[in-house]
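Worth saying up front: this structure is predicted, and the values here are computed from it rather than measured.
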Amino acid sequence: KRVYQWAKRQMPPISKTEQIALGCGTIGFDKDIFTGSPSLKKLVDTYQPKLSAEEQSFMDNQVQTLCTLLNDHDVSINRDFSKEAWDYMRSEKFFGMKIPKEWGGLGFSTHAVSSVLQKLATQCFDANATVAVPNSLGPGELLVRYGTQEQKEYFLTRLADGTLIPCFGLTGPHSGSDATSLIGSDCIVTERNGELGVVATFKKRYITLAPVAGVVGLGLNLRDPNGLLKGQGDEGFTVALLERDHEGLRMGPRHMPLNAAFMNGTVEGEEVWIPMSSILGGQERCGFGWNMFVECLAEGRGVSLPAGSVGAARTVTCGVGAYSRVRKQFRVPIAEFGGIQEAMALSASDGLASIAGVDLMNAIVDNHEAPMVISSVMKQKCTELGRRIVERGMDVAAGSAICRGDKNYLGNAYMSLPIAITVEGANIMTRSFQIIGQGLTRCHPHMLELMQSLQMPQSEEKKAVEIFCKQFHKIVGHGMTNFFGSIGRGVSATVATKTRSKTAYKDGDKLLDYHEKQLLRLSANFALTADLCFTLGGSLKFQELLMGRLADALGAIYLGYATLHHYQRRRGIDGLEAVTEHAMLRLEKEAQDALLSASDNFPGMLGPVASTVMKMGCFPLGNMTRPYKAPGDELTKEVSKLVTTPSEMRDFFQENVYVAQEGELHQVSDLIRALPICVEADLVASSIRREKRQPTEAEADLIAQADAIRDALIQVDVYEKFPTEKAEAYVRPALVGTEERLAELDRTRFDAVA
């Protein structure tokens, strides 16, 4: 009882919003990791991402056609799509992919929506963002789940056929990454002419599609000071549905997010009357908005944003991989330079981990789960990996990546990815606060009930103490199990790592067996550390440095399991073992380093004790039981070669990349087609030099063809005049100034007679 009373003093009250958040969504594989003993077999048996024949046909036809209508450079210059592209997206139901067929939508799976977004991202990031919003937090999906029959009949058919483009207005000027604050978005229940409704004042910003939306789902903080709801509905986060011409609603002004062209702007209104029939779900859903929002958030955070990163990863491995073989310096393809090989290998293994994580996440959501913790991990990890991949692609492509124009397939992605890093909760906050803050309470097998016992009223203290003691003993037992499990697995994993051959990964069964055991060891280490976090009590929420390190470990473990899950499904692709090995070695080292850093810096009054216990459990023999290292140079070279020469792994990364018809100017497509020709020509040229002979006519023609292709593909766009300079009388100010200064001189040219 004394421990209970101490813990109750340490634990701050849980707000209503926090209580709702803890009860929303689902837990599954994330909980398995917190137990310390997740199962790869369970993942493989449960989750199988796949497209139906109808979905594959949509990918091959409608998505391919839309890509042909999009010119990424023109979109970025014009800051909009053509009318033809907008009409095609509407008529082909790109904005209604998740709306059930009974309401006129396509009724596609999450995996299908993700696949569409991935392919669009390989051609135009702005199209990816534009299609993503209606199919995640639309509010189409909210209507499907929570709308009244009248709302469904009116809105869903219009959303499905593109008559109304939707947006969701949540973020205000003072919200930042705290979407729940709703500061400055208030509404009060009132009655007008016998009709119940609310009067709302709101100021929203960063709202994607708002400048062109026909309907907005509006997040409001509802208050009922006069008790007009009379028990039907409640105060709190409420969602209203307003059409564009709703009296007092202002939509239209645009933000300019970096160089992106997708529509993004403000939604504002003062003293706007909203009848109760326009509250999503009707009066009984007043105060229910947070439940709606959280349960649908997994789709936006965990699916839509990572899909864009996968599109970027595929573009870099295919486009830049080919460019590094086409481009020569010192008469050698730059793909043979060590620095390029390192960048391409890192991009390939990061790309594989992202693809694997996305495939698994899609399958989890399609299994009718809404994993809030995994969706946060996916958003933070995949957008960060996407940023790194594109940065490396920019480094390799160099000058060709910084000169804007039709030939530049990286620049706009490079300028768009910081937006993905920022939206749906900034990564820096997601990593250092949300993932572990929510994960410990939601996914730990015993923590939630313990916390709930500490929130029980004084009148139920006896029952609360019983629940607390029961869960407390379970936590102690859980910690002891993972402590000794960590020691045993740690020693076993160290022996297996030290005695493992550098080429053991070539045997797929041994690859799976070895890395699954390493992930089991790391999962036990992570679970033990999570148990030790309870020594911090309520102060844990302020220990963001610790939570950030644990989020790194959790993210690496999840992506590790996803990568093995992916290998188990796709094994048979020549070269997949090497890229999987490269990815797994890096993920295991990332988890190990994060846990080591956590043990070195464990905070709190009991920090030294927790640190000692953690080191004894996670690293019982010190440095000897920290065996994970970065991939060796030979493996790095092998992986780089796989993505810079024709291979089945290049074909794998090329899946879902937009390839234009032959003859159409499209840099990525031209690079993909050029690669085998340039590689073959290099082999012929090398053979001629080695044999010290003259080329045959066919060989000379091949080398000349490759040289011509290389010369064409390394060119960059150049403009006689920029769009802003095309006015008839326009002269560049610097040239005007030069003419003015020369006019004042007696001698205006060097070759003029003095």
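The only option from Gln518, Lys589, Arg586 that meets the side-chain hydrogen bond (donor to acceptor under 3.5 Å, both in side chains) definition with Tyr628 turns out to be Gln518. Test Gln48, His565, Arg569 against Asp359 for side-chain hydrogen bond (donor to acceptor under 3.5 Å, both in side chains) and you get one pass: Arg569.
Aromatic ring pairs are classed by plane angle as parallel below 30°, tilted from 30° to 60° and perpendicular above 60°; the pair Phe58 and Phe94 is tilted.
The minimum heavy-atom distance between Cys318 and Ile672, with the atom names listed, is CB-CD1, 4.3 Å. Minimum interatomic distance between Glu577 and Lys506 (heavy atoms only, all atoms of both residues): CG-O, 4.2 Å.
Separation of atoms NZ (Lys50) and CG (Asn362) is listed at 14.5 Å; rounding is to 0.5 Å. In this structure, the separation between CD on Glu648 and CD on Gln654 is 13.0 Å, given to the nearest 0.5 Å. The OG1 atom of Thr122 sits 10.0 Å away from atom CG of Asp72, with the distance rounded to the nearest 0.5 Å.
Ion pairing between Asp509 and Arg571 holds under the 4.0 Å rule for side-chain N and carboxylate O. Under 4.0 Å is where a charged nitrogen must lie from a carboxylate oxygen, and between Glu581 and Arg500 at least one such pair does. Salt bridge present: Asp350 and Arg392 bring a charged side-chain N and a carboxylate O closer than 4.0 Å. A salt bridge between Arg388 and Glu391 is absent, with no side-chain N of the basic residue lying under 4.0 Å from a carboxylate O of the acidic one. Under a 4.0 Å N-O distance rule, the pair Lys637/Glu342 does not qualify as a salt bridge.
More than 12 heavy atoms of other residues, nucleotides or ligands lie within 6.0 Å of CD in Glu544, so this atom counts as buried by the packing criterion. In this structure, Tyr414 places its OH atom where only 12 or fewer heavy-atom neighbours from other residues, nucleotides or ligands lie under 6.0 Å away. Under a cut-off of 6.0 angstrom, the local environment of CG in Leu258 is crowded, with over 12 non-hydrogen atoms contributed by other residues, nucleotides or ligands.
Contact of the His444 side chain with the His478 side chain is registered, since non-hydrogen atoms from C-beta on lie closer than 4.5 Å. Looking at heavy atoms from C-beta onward, Pro333 lies out of side-chain contact with Val326 at the 4.5 angstrom threshold. Side chains of Leu595 and Leu522 form a contact here, defined as non-hydrogen atoms less than 4.5 Å apart. Leu51 has its side chain within reach of Met59: a pair of non-hydrogen atoms, C-beta onward, lies under 4.5 Å apart.
Less than 6.0 angstrom separates the ring centroid of Phe652 from the ring centroid of His566. Here the two rings, on Phe29 and Tyr47, have centers that are 6.0 Å apart or farther. Between Phe262 and Phe125, a ring centre-to-centre spacing not shorter than 6.0 Å is recorded.
Judged by distance alone, the side chains of Gln341 and Lys641 never bring a donor and an acceptor atom under 3.5 Å apart.
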Show your working on ring pair (Phe, Tyr, Trp, His ring centres under 6.0 Å) between Tyr505 and His515 and close with a plain yes or no.
CA-CA 10 Å; Tyr505 66 85; His515 286 297; 9.1 Å; no
